There are 2 protein chains.
Amino acid sequence: MADTARTRLQQAAVDLFGERGFDSTTAAEIAARAGVTERTFFRHFADKREVLFDGQAVLLEALLAAIDDIPPDAPPLGTLFRAFRSVCPLLDANRPFSEPRQAVISATPALQERELAKTAALAAALAQALRARGVPDDRAAFAAQIGMAVFAHVTVDWLEKSEPGLTDRLDRAEQDLKTLL
Amino acid sequence: MADTARTRLQQAAVDLFGERGFDSTTAAEIAARAGVTERTFFRHFADKREVLFDGQAVLLEALLAAIDDIPPDAPPLGTLFRAFRSVCPLLDANRPFSEPRQAVISATPALQERELAKTAALAAALAQALRARGVPDDRAAFAAQIGMAVFAHVTVDWLEKSEPGLTDRLDRAEQDLKTLL
DNA sequence: TTCTTGCTTGTCAGTCACTGACATCGGCTC
DNA sequence: GAGCCGATGTCAGTGACTGACAAGCAAGAA
């Protein structure tokens, strides 16, 4: 990962949030550890929380790309699960960053709020992708919401305990879901 | 509704947010219109957004009470829908306040974020209530999330257009859901 | 080389959300 | 009346976030 001001800010943020907590860490302190000014922090991130949620954009792109490679006759939820499985390597690679990050989020209501918003946005984007494949509106929204809820649940559990792996957890979740419906 | 500082603050908030928008309204202005100090505002509401989300607590209580009155052998989702229907009069009565309130929320990302958080909290509470009735953990969480998603969707639609009424919309949503599963 | 253009950052001043500490006031009880 | 308590006012302070302007720096045109 390029050593840009942006990435240094993200790393400094997880570190400091982990040490002192989100609320007891000022944006100025994060900036100082990253070797830049507070003003620069806010040029890269819209607000103090956002510094932890940069990855969502990358994840979304990867998911959309994955969906593109799935034959359009696959069922909606099946499509989503295949897409989820295809981004597991990405998440695996990011674990060293994601794990402490999730610990901070779990300890901070304000960050959980932001995470919910990001998840909802992701679900909306997936629904849109399904619609583009011909899935009717309601079904697309419904499948996307269910799929994202399961995916979010699985990844959070996995970040707390690395075994079993992500793909195994996804397999099991998909099975559980099928028996439940 | 008693004319307390609290209720005056809530009314002043919807009014001002409606006129100037959430971001262009300061907490001090809301307080001034309500005839109190900014400090008093923050004694009643944890933050500027919270002034719009007081009703959730009332709603939750009503839902839990309704669930208590439903025979425990009813299926989880059916229980939730019966509870939702039983709070329709409450929502109907609150419409004069809720409608402009929802308009402001729809126009303000920060408020949508808070609304997601409140909805999630409500879902968690409903899941807990289902568990207390003997529904196994996973099913309870699943049913609560689905139910709340549908309920939230229905009420938002209804606030945009009052016809058909809430109960009719809930009936249709429950039917749609059944055919979908 | 030199000039220019554009991107990134620093600096500074300002607004506003939010908090803690302390004083005040009105009603209630004894 | 004395004392208590809950709601409010006052004041000072911290920190998130923004707009305006200047400075540096790299890449390409002249």
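In what follows, every chain begins at residue 1, and chains take the letters A, B, ... in the order their sequences are listed. Note that the structure is a prediction, hence the values are computed from the model and not measured.
Place B/Arg6 and A/Ala28 on DNA chain D by their nearest nucleotides, and B/Arg6 ends up nearer the 5' end.
Rounded to a whole Å, the CZ atom of A/Phe22 is 14 Å from the P atom of D/dG15.
Of the residues in residues 34-41 of chain B, those placing a heavy atom less than 4.0 Å from an atom of DNA chain C are B/Glu38, B/Arg39, in numerical order. DNA chain C is contacted by no residue of residues 106-116 of chain B, taking any non-hydrogen atom closer than 4.0 Å. Applying a 4.0 Å cut-off to non-hydrogen atoms, the residues of residues 48-55 of chain B that approach DNA chain C are B/Lys48, listed by residue number.
The shortest distance between side-chain heavy atoms of A/Glu50 and A/Arg114 falls below 4.5 Å. Side-chain contact check for B/Thr7 versus B/Gln11: every heavy-atom pair is 4.5 Å or farther apart. Looking at A/Glu113 and B/Leu116, their side chains never come closer than 4.5 Å, going by heavy atoms from C-beta outward.
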Could you go over nucleotides 21-27 of chain D and give all protein N or O partners under 3.5 Å, atom names and distances?
none

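Contact between B/Leu52 and B/Phe17 at its shortest, heavy atoms only, is CD1-CD1, 3.8 Å.
Taking 4.0 angstrom as the limit, B/His44 places none of its side-chain polar atoms (N or O) nearer than this to OP1 or OP2 of D/dA7.
Residues in residues 49-70 of chain B take part in no ring-ring contact (aromatic ring centres under 6.0 Å, His included) pair, two or more places apart or across chains. Residue pairs meeting the ring-ring contact (aromatic ring centres under 6.0 Å, His included) criterion with at least one partner in residues 143-181 of chain B, sequence neighbours excluded, are B/Phe84-B/Phe151.
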